[in-house]
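Let me begin by presenting the structure, written as structure tokens, before commenting on it.
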Amino acid sequence: MKRAYPVIFTPAAEGGFTSYMPDFNINSQGDNLAEAIEMARDAMGLMGIDMEDDGKVLPEASDHVASKPNDLVSFVDIDFTEYRRQNDMRTIRRNVSLPSWLNAEADKAGLNVSAVLQNALKQALGVSR
């Protein structure tokens, strides 16, 4: 699910930018504007998947954002589904029931059953990573 949220970028006195994402009420920073945008996207991605995991609804994007004269206001896009796919790489254990003979054949063939299952699930779901 791809969305775009407003971000307020404020030039920092020591260089770089701080950023504030009002829809999430979070801050981040970067050594330059490109890095500040990347860090803002990352902060929103982390917050978004945490909210989804907690069963919370993601906020709607604000239309108007209050800012100060030196601030830059821009919309930063984030694809929460893709962000989770790229960054949530923790593994979980699942019990899988197999007929004994099939497990024995897999062992004889030296197959990693977990890897085979992951590949089959990716194929069934049309997921490339």
Side-chain angles (χ1 to χ4, degrees):
M1 162 189 359
K2 193 169 193 174
R3 296 189 180 187
Y5 291 95
V7 179
I8 302 167
F9 298 97
T10 304
E14 63 279 354
F17 290 85
T18 60
S19 59
Y20 175 63
M21 291 131 281
D23 296 322
F24 292 93
N25 195 28
I26 56 175
N27 297 289
S28 68
Q29 64 182 18
D31 291 336
N32 54 52
L33 187 56
E35 185 177 285
I37 292 169
E38 182 180 340
M39 297 303 286
R41 184 176 291 116
D42 191 46
M44 288 188 296
L46 286 170
M47 180 66 80
I49 63 173
D50 280 348
M51 290 176 73
E52 288 175 341
D53 289 348
D54 291 341
K56 296 178 183 174
V57 177
L58 293 171
E60 293 297 322
S62 301
D63 289 346
H64 297 87
V65 178
S67 63
K68 299 174 194 151
N70 289 336
D71 291 346
L72 302 169
V73 179
S74 180
F75 280 81
V76 175
D77 66 331
I78 176 73
D79 184 334
F80 292 103
T81 304
E82 185 60 25
Y83 186 86
R84 180 181 296 276
R85 189 174 292 140
Q86 290 183 6
N87 294 285
D88 190 1
M89 300 304 289
R90 50 193 168 142
T91 58
I92 61 165
R93 295 188 66 72
R94 290 207 60 169
N95 289 333
V96 177
S97 298
L98 298 173
S100 179
W101 68 267
L102 187 57
N103 187 59
E105 290 296 319
D107 286 345
K108 278 190 225 174
L111 291 176
N112 178 331
V113 175
S114 180
V116 171
L117 176 59
Q118 286 180 47
N119 289 334
L121 284 170
K122 287 176 185 176
Q123 182 178 1
L125 295 170
V127 176
S128 61
R129 294 187 213 189

Heavy atoms only: give me the nearest Pro22-Val65 pair and the separation to one decimal. CG-CG1, 4.1 Å
Do side-chain atoms of Asn32 reach the backbone of Ala34 as a donor and acceptor pair under 3.5 angstrom? yes
I need the minimum non-hydrogen distance between Pro11 and Asn70, along with the two atoms involved. CD-O, 3.3 Å
Evaluate the criterion side-chain contact (heavy atoms from CB on, under 4.5 Å) for residue pair Arg41 and Asp77; output intermediate values, then yes/no. CA-CA 7 Å; Arg41 184 176 291 116; Asp77 66 331; 2.8 Å; yes
Worked verdict on Met21 versus Ser28 for side-chain contact (heavy atoms from CB on, under 4.5 Å): CA-CA 8 Å; Met21 291 131 281; Ser28 68; 3.7 Å; yes
Would Leu102 and Val96 show up in the same hydrophobic cluster when neighbours are defined by side-chain heavy atoms closer than 4.5 Å? yes
Arg94 vs Leu117, test: side-chain contact (heavy atoms from CB on, under 4.5 Å). Steps then yes/no. CA-CA 11 Å; Arg94 290 207 60 169; Leu117 176 59; over 6 Å; no
Does atom CD (Gln29) have a neighbourhood of more than 12 heavy atoms from anything else shown, all under 6.0 Å? no
Between the main-chain N or O of Pro59 and the side-chain N or O of Tyr5, is there a donor-acceptor pair closer than 3.5 Å? yes
Donor-acceptor pair, side chain of Ser19 and main chain of Phe9, under 3.5 angstrom: no
Does one hydrophobic cluster hold both Phe75 and Met39, with members joined at side-chain heavy-atom distances below 4.5 Å? no
Distance-minimising heavy-atom pair for Ile26 and Met44: CD1-N, 4.1 Å
When Asn27, Asp71, Asn25 are each screened for side chain to side chain donor-acceptor pair (under 3.5 Å) with Tyr20, the one that passes is Asn25
Hey, are the side chains of Arg84 and Asp53 touching, using non-hydrogen atoms and a 4.5 Å cut-off? yes
May I ask you to say whether Arg85 pairs ionically with Asp79, meaning some side-chain N is under 4.0 Å from a carboxylate O? no
In one Ile/Leu/Val/Met/Phe/Trp/Tyr side-chain cluster, 4.5 Å: Tyr83, Val127: no
Applying the side chain to side chain contact (heavy atoms under 4.5 Å, CB included) criterion to Phe17, which one of Thr10, Ile37, Leu33 satisfies it? Leu33
Any donor-acceptor pair under 3.5 Å from Arg3 side chain to Phe80 backbone: no
Where is the tightest heavy-atom contact between Ile78 and Gly45, given as atom of each residue plus distance? CD1-CA, 4.0 Å
Applying the 4.5 Å side-chain criterion to the ILVMFWY set and letting contacts propagate, would Val57 and Met47 be lumped into a single cluster? no
